[in-house]
Chemist: 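Sharing a structure with you now.
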Amino acid sequence: MADNTYDAIVIGSGISGGWAAKELTEKGLKTIMLERGRNVEHVKDYINATKGPWEFPHHGGRTIKMINEYPVLKRDYPLSETNLDFWVNEKESPYTEIKRFDWYRGYHVGGRSLTWGRQSYRWSDIAFEANAKDGIAIDWPIRYKDIAPWYSHAEKFAGIAGNREGLAQLPDGEFLPAMEMNCVEKDLVARVNAHYGSKRIIMGRTANATTNLQGRTSCQYRNKCSLGCPFGSYFSTQSSTLPAAMATGNLTLRPWSIVKEIIYDKNTKKAKGVRIVDAENNQTYDYFAKIIFVNASALNSTWVLMNSATDIWPGGLGSASGELGHNLMDHHFRCGARGNAEGYDDKYYYGRRPTGPYIPQFRNVFGDKRDYLRGFGYQGGASRAGWNREIAEMNIGGELKDALSEPGNWSIGFTAFGEILPYHENKVTLDKNTKDKWGLPVLAIDAEIKENEIKMRKDMMADAKEMLEIGGMKDVKTFDSGYGMGQGIHEMGTARMGKDPKTSVLNKNNQVWDALNVFVTDGACMTSANCVNPSLTYMALTARAVDFAVGELKKQNL
């Protein structure tokens, strides 16, 4: 086999790219995984993972210099000195905001699998059928039964902690033992669930191992996940899929490899390889393979397609339907309610748990009807104020020290995550007038939430307040911190799946209609957004597509 020829190419090394590499190599295919950024080695490169806040020059905060150099990242919580290396250099890799879009990217091996929130939920047919039922966009080409076995496949390997709840809108899975609620949460849940006569609140399902799993140590309750986990407790490319792929002897990992385009052969109507720009020396190299998996994260995967085969399709590979780049989605959030819990001052909890209770969708399901489409879920939990709280009346001296040696008041809050509809006009295009460090055109992003989502936010706050008050909480107040499209860090759409090449970019097996040996299985493929975190669905779709691709390869259909 020539040095630049493989059985398969994987573009990107994040959650879905890692899964593609694992599945392809375990099925015997010689695979190269191309990552545009630096290598990050498990444990060795988690340089801040074991530091205390006092060991950072600015106690884990942000500096004026950081704020100036990261004008997008500064808009929300990700900007801090604790894990700055896990976020993209915005000056080297700019993008154009036609409307505000907060694009938080990680360009390195592992991508955002090192910084994701790890909430892991299956989709039900309520979600897969929603577009058809509502007459919105196009119908999904698959249903729950098509992906259910692959959810199981992904869960068993990734390690999802959770409980079996029997909820129609949130199917059960293959779970490790769930993490426990604390005393305030248990009391709140008992009251709320009794009031509504249903499991309104459950424990969140998270990709943090609660038992030792495949060489990974169970969660240590440090809640430093976004710094990289040296114990391998949470699922990431580095802790899970990359070691599995490497163990086969079939994987080549090439960092610093910016995929410029997919090389399309108009005679065979297939892709034959990819062209990269080496991010360190600016040289161009070609790699060839029988199948290509595009997993660069939703918007970058679409960028690759748009920049490919433009001599045949001006809009790029996969653009024949006119849908490439359109139907951009996210989850809108940053609103809900919070309150205080009284009568628990003699109680505390163990460690720093990396998840909390979850409230699945209850609006616009099971006969409920609102003046907007779709729904939302909540993430949140209860805790006690710690040593870093402000005590206005004791701001210096021994009294302050004594006060801070004891935990503060209990409080509890829930933040809602709502579905954004797949609007055709929410889109990305190539801005050929603006170039990145390597002279490549950047993406222009033009997207916003609309009246449907704005109406939903009223319920997202009011319902949270109602549940907290029913649960016995005091001084309950709603909040809306404002939402900028993209802040959910759940970019979806722009290369959607569908049943018809005239209205979609991909078919039911995640193949690009215009080149059937090219597969897209990250967030770009999504036809709607649901209101749950999407990464588990990317894992399942990727494993499913690899199984199909290898089968077709053996039949010589690709």
Side-chain angles (χ1 to χ4, degrees), residues 75-76 96-104 123 126-140 169 298-299 322-323 325-337 359-379 414-429 443-467 477-494 496 498 503-504 523-524 526-534:
R75 296 173 185 172
D76 205 356
T96 300
E97 294 179 273
I98 296 174
K99 295 186 180 76
R100 174 181 167 175
F101 189 92
D102 296 6
W103 192 13
Y104 303 149
W123 283 34
I126 293 172
F128 284 115
E129 294 170 358
N131 278 2
K133 175 186 173 186
D134 295 332
I136 295 293
I138 62 169
D139 188 15
W140 275 87
Q169 74 273 43
L299 302 189
E323 293 298 329
H326 292 273
N327 316 297
L328 173 58
M329 299 168 286
D330 184 32
H331 289 136
H332 64 106
F333 74 126
R334 288 166 55 90
C335 66
I359 304 176
Q361 180 181 352
F362 55 86
R363 291 300 179 205
N364 287 324
V365 290
F366 314 128
D368 180 79
K369 184 63 178 174
R370 303 280 113 181
D371 64 346
Y372 52 84
L373 297 175
R374 313 298 166 86
F376 48 88
Y378 294 93
Q379 297 173 30
F414 284 99
T415 298
F417 289 74
E419 179 168 355
I420 295 176
L421 296 177
Y423 302 107
H424 180 79
E425 57 270 30
N426 280 352
K427 64 183 180 179
V428 297
T429 54
L443 277 180
I445 307 178
D446 183 359
E448 63 185 352
I449 61 171
K450 300 184 185 295
E451 183 181 4
N452 192 75
E453 291 76 37
I454 293 169
K455 286 181 177 179
M456 188 188 297
R457 292 178 76 80
K458 295 177 183 177
D459 273 2
M460 289 160 77
M461 291 185 283
D463 290 350
K465 184 174 188 291
E466 177 182 284
M467 287 183 284
K477 294 180 175 61
T478 61
F479 65 90
D480 188 341
S481 304
Y483 166 75
M485 190 83 171
Q487 278 188 312
I489 324 184
H490 294 163
E491 311 96 73
M492 288 174 274
T494 67
R496 70 184 179 191
T503 58
S504 57
M526 305 295 272
T527 311
S528 64
N530 200 351
C531 63
V532 301
N533 302 55

Chemist: Between His332 and Gln487, does any side-chain donor sit less than 3.5 Å from a side-chain acceptor?
Modeler: no
Chemist: Taking side chain as C-beta onward, heavy atoms only, is Trp140 less than 4.5 Å from Met526?
Modeler: yes
Chemist: Minimum heavy-atom separation for Pro534 and Met492, please, with both atom names.
Modeler: CB-SD, 3.9 Å
Chemist: Can you say whether the rings of Phe376 and Phe362 are parallel (under 30°), tilted (30 to 60°) or perpendicular (over 60°)?
Modeler: perpendicular
Chemist: With respect to Asp446, which candidate in Val428, Asn426, Thr429, Ile98 satisfies the side chain to side chain contact (heavy atoms under 4.5 Å, CB included) definition?
Modeler: Ile98
Chemist: What pair of heavy atoms forms the shortest contact from Asp102 to Arg75, and how long is it?
Modeler: OD1-NH1, 2.6 Å
Chemist: Looking at every non-hydrogen atom in both residues, tell me the closest pair between Gly418 and Met456 and how far apart they are.
Modeler: CA-SD, 3.9 Å
Chemist: Look up atom NZ in Lys458 and atom OG1 in Thr478, then write down how far apart they are to the nearest 0.5 Å.
Modeler: 13.0 Å
Chemist: How far does CD of Glu491 sit from CG of Leu299, to the nearest 0.5 angstrom?
Modeler: 5.0 Å
Chemist: To the nearest 0.5 Å, tell me how far Arg100 CZ sits from Ile445 CD1.
Modeler: 12.5 Å
Chemist: Please report the C-alpha distance between Met485 and Glu453 in whole Å, then the side-chain angles of each, then the deciding distance to 0.1 Å, and finally whether the side-chain contact (heavy atoms from CB on, under 4.5 Å) criterion is met.
Modeler: CA-CA 11 Å; Met485 190 83 171; Glu453 291 76 37; over 6 Å; no
Chemist: Got a donor-acceptor contact below 3.5 angstrom from the Arg363 side chain to the Gly375 backbone?
Modeler: no
Chemist: Fit a plane to each ring of His331 and His490, take the angle between them on a 0 to 90° scale, and name the class: parallel (under 30°), tilted (30 to 60°) or perpendicular (over 60°).
Modeler: perpendicular
Chemist: Where is the tightest heavy-atom contact between Gly523 and Ala298, given as atom of each residue plus distance?
Modeler: C-CB, 3.6 Å
Chemist: Which residues pass the ring-ring contact (aromatic ring centres under 6.0 Å, His included) test with Tyr423, sequence neighbours left out?
Modeler: none
Chemist: With a 4.5 Å cut-off on side-chain heavy atoms, are Pro422 and Ile136 touching?
Modeler: yes
Chemist: Taking all non-hydrogen atoms of both residues, which atom of Ala337 and which atom of Phe479 are closest, and how far apart?
Modeler: N-CE2, 3.2 Å
Chemist: Nearest 0.5 Å please: distance from the CG atom of Asn131 over to the CG atom of Asn327.
Modeler: 9.5 Å
Chemist: Give a yes or no answer on whether the side chain of Tyr378 reaches the backbone of Ala464 with a donor-acceptor pair at less than 3.5 Å.
Modeler: yes
Chemist: Identify, with sequence neighbours excluded, every residue that meets side-chain contact (heavy atoms from CB on, under 4.5 Å) alongside Lys455.
Modeler: Asp371, Tyr372, Glu451
Chemist: side-chain contact (heavy atoms from CB on, under 4.5 Å) with Cys335: which residues, sequence neighbours excluded?
Modeler: Arg457, Met460, Met461, Asp480
Chemist: Is it true that the side chains of Tyr104 and Asp76 contain a donor and an acceptor less than 3.5 Å apart?
Modeler: no
Chemist: Grab the two heavy atoms, one from Glu323 and one from Ser504, that are nearest each other, plus how far apart they are.
Modeler: CG-N, 4.4 Å
Chemist: Determine the interplanar angle of the Phe128 and Trp123 rings, folded into 0 to 90°, and report it as parallel if under 30°, tilted if 30 to 60°, perpendicular if over 60°.
Modeler: tilted
Chemist: Nearest 0.5 Å please: distance from the CG atom of Asn452 over to the CZ atom of Arg370.
Modeler: 13.0 Å
Chemist: To the nearest 0.5 Å, how far apart are CZ in Arg374 and CD in Glu419?
Modeler: 4.5 Å
